[in-house]
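Data block below; observations after.
We count ligands from 1, going down the list as the structure has it; atoms in each ligand are counted the same way.
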Amino acid sequence: MSPMYIVMLGPPGAGKGTQAKKLAQELGLVHVSTGDLFRENLKNETELGQLAQQYMNAGELVPDDVTVAMVKERFARPDCEKGAVLDGFPRTPAQAEALDQLLETFDSEVTVVPLIKVPDEILVERLSGRWMSPSGRVYHEKYNPPVVKWIDDIDGSELYQREDDKPGTVRRRIDVYNEQTAPLIDYYREKGLLAEIDGTQPIEDVFAAIMASVEEV
Ligand code: ADP
Ligand code: ADP
């Protein structure tokens with residue numbers, strides 16, 4: 001079987017990260033989240049992290065050249081040769097074209113693009129209740145609570161709320177999605193790769209719908 005490259009598409013808070021982790025585990029693929037990569041750089045105070053921080057805190061996108069360079073570097077690691085679940089990338093038409101070119105160098109291409117659809121009112125509630133573990137696991141105070149409040153189930157570390165999950169920034173991120181990322185819906189639809197998923201269902205039902213779309217490929 002040729003490697004699968006699955007692109008998770010959807011607005012902030014739709015459940016891309018939650019589903020990408022489950023998919024990667026189920027299919028034995030790596031999970032590549034550009035948001036996680038930027039946050040790692042922020043934590044380690046790298047030059048890239050310092051550059052990205054101002055954009056992330058404002059809810060804006062990090063410039064394409066910087067983002068694409070970071071993804072290329074990630075793809076240079078051999079674990080990506082077997083395929084990947086891409087979460088939060090591409091987010092602009094220029095990034096989508098860069099991804100197509102990058103996969104071409106692997107003699108490969110995007111396999112399927114699940115679009116997780118969730119109305120804006122629900123997104124705000126999901127993001128304001130999102131609790132993250134330092135290693136990137138995602139919880140929700142109401143919809144996916146940890147066993148012990150504010151404590152990661154797996155390694156016991158303390159959970160935190162993202163700076164950019166505050167209501168003002170959330171609204172800007174949703175606008176940025178509509179302006180800059182939503183054009184990718186047509187881009188992938190025209191290629192016959194889009195699979196529309198109702199993201200308002202419980203996590204397990206969304207997962208089943210995504211798995212069905214992957215198995216149809
Ligand atoms: P994204 O990566 O698209 O921003 P996340 O996977 O981080 O989204 O999910 C956003 C928040 O919503 C998290 O707190 C997560 O636990 C919660 N969540 C994810 N999927 C669902 C769902 N189907 N129903 C209810 N809450 C969900
Ligand atoms: P979300 O939960 O909203 O999907 P992410 O964790 O994917 O958020 O991204 C957080 C922030 O990191 C974004 O608001 C943006 O500033 C930056 N970022 C992540 N991925 C990209 C990308 N592909 N292009 C530009 N900026 C990105």
Side-chain angles (χ1 to χ4, degrees), residues 7-24 31-42 48-49 51-72 74 85-99 102 114-133 136-146 152-153 159-166 169-181 184 197-210:
V7 170
M8 306 300 291
L9 202 57
K16 299 181 299 297
T18 301
Q19 299 296 335
K21 282 198 184 62
K22 291 169 74 72
L23 264 182
H31 171 212
V32 176
S33 156
T34 41
D36 286 352
L37 290 173
F38 282 130
R39 279 184 291 277
E40 232 169 77
N41 276 282
L42 256 172
L48 174 63
L51 190 152
Q53 183 165 31
Q54 48 180 324
Y55 296 100
M56 295 174 78
N57 286 347
E60 303 293 334
L61 297 183
V62 180
D64 284 337
D65 53 343
V66 177
T67 305
V68 168
M70 180 178 74
V71 170
K72 278 193 176 151
R74 179 66 188 84
V85 182
L86 296 172
D87 162 15
F89 181 88
R91 257 181 159 98
T92 64
Q95 291 181 15
E97 278 157 29
L99 175 63
L102 181 61
L115 167 65
I116 309 182
K117 298 203 296 188
V118 174
D120 289 2
E121 325 75 83
I122 299 184
L123 297 175
V124 177
E125 197 203 358
R126 287 207 185 159
L127 293 175
S128 59
R130 172 159 69 181
W131 295 351
M132 302 276 293
S133 81
R137 268 183 292 276
V138 187
Y139 297 88
H140 191 280
E141 86 176 303
K142 200 154 110 198
Y143 302 121
N144 185 25
D152 183 73
D153 288 351
L159 305 179
Y160 70 96
Q161 278 185 296
R162 273 168 50 175
E163 212 30 60
D164 59 346
D165 279 346
K166 306 220 161 97
T169 321
V170 163
R171 275 189 289 274
R172 179 63 196 145
R173 283 160 61 210
I174 294 172
D175 288 346
V176 166
Y177 171 82
N178 287 324
E179 288 159 18
Q180 300 186 53
T181 308
L184 296 184
I197 308 289
D198 173 7
T200 64
Q201 310 168 84
I203 292 173
E204 289 305 328
D205 296 0
V206 175
F207 182 60
I210 296 175

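Looking at Q19 against ligand 1, nothing comes within 4.0 Å, counting heavy atoms.
When all heavy atoms of H31 and A24 are compared, the pair lying nearest together is CB-CB, 3.9 Å.
In terms of modelled atom types and a separation under 3.5 Å, the side chain of Q95 and the main chain of R91 share a donor-acceptor contact. Panel note: side chain Q161, backbone G129; no donor-acceptor pair is recorded below 3.5 Å.
Using a 4.0 Å cut-off to heavy atoms of Y139, the atoms of ligand 1 that qualify are 13 (C), 14 (O), 16 (O). Numbered from 1 in the order shown, with element, the atoms of ligand 1 that lie under 4.0 Å from a heavy atom of Y143 read 25 (C), 26 (N). Which parts of ligand 1 touch P202 is read off a 4.0 Å heavy-atom cut-off, strictly below it: atoms 23 (N).
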Side chain to side chain contact (heavy atoms under 4.5 Å, CB included) assessment of L61 paired with V176: CA-CA 8 Å; L61 297 183; V176 166; 3.7 Å; yes
Pair R130-D165, salt bridge (charged side-chain N to carboxylate O under 4.0 Å, His left out): steps then yes or no: CA-CA 8 Å; R130 172 159 69 181; D165 279 346; 2.9 Å; yes
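Here the straight-line distance linking atom CD1 of I174 with atom CG of L123 works out to 4.5 Å at 0.5 Å rounding.
Looking at D64 and T92, their side chains do bring a donor and an acceptor atom within 3.5 Å of each other.
Using a 4.0 Å heavy-atom criterion, the residues that approach ligand 2 are P12, K16, T34, G35, F38, R39, M56, E60, L61, V62, T67, G88, F89, R91, Q95, R130, R162, D164, R173.
When each of V66, T67, L37 is paired with L48, the side chain to side chain contact (heavy atoms under 4.5 Å, CB included) condition holds for V66 and for no other.
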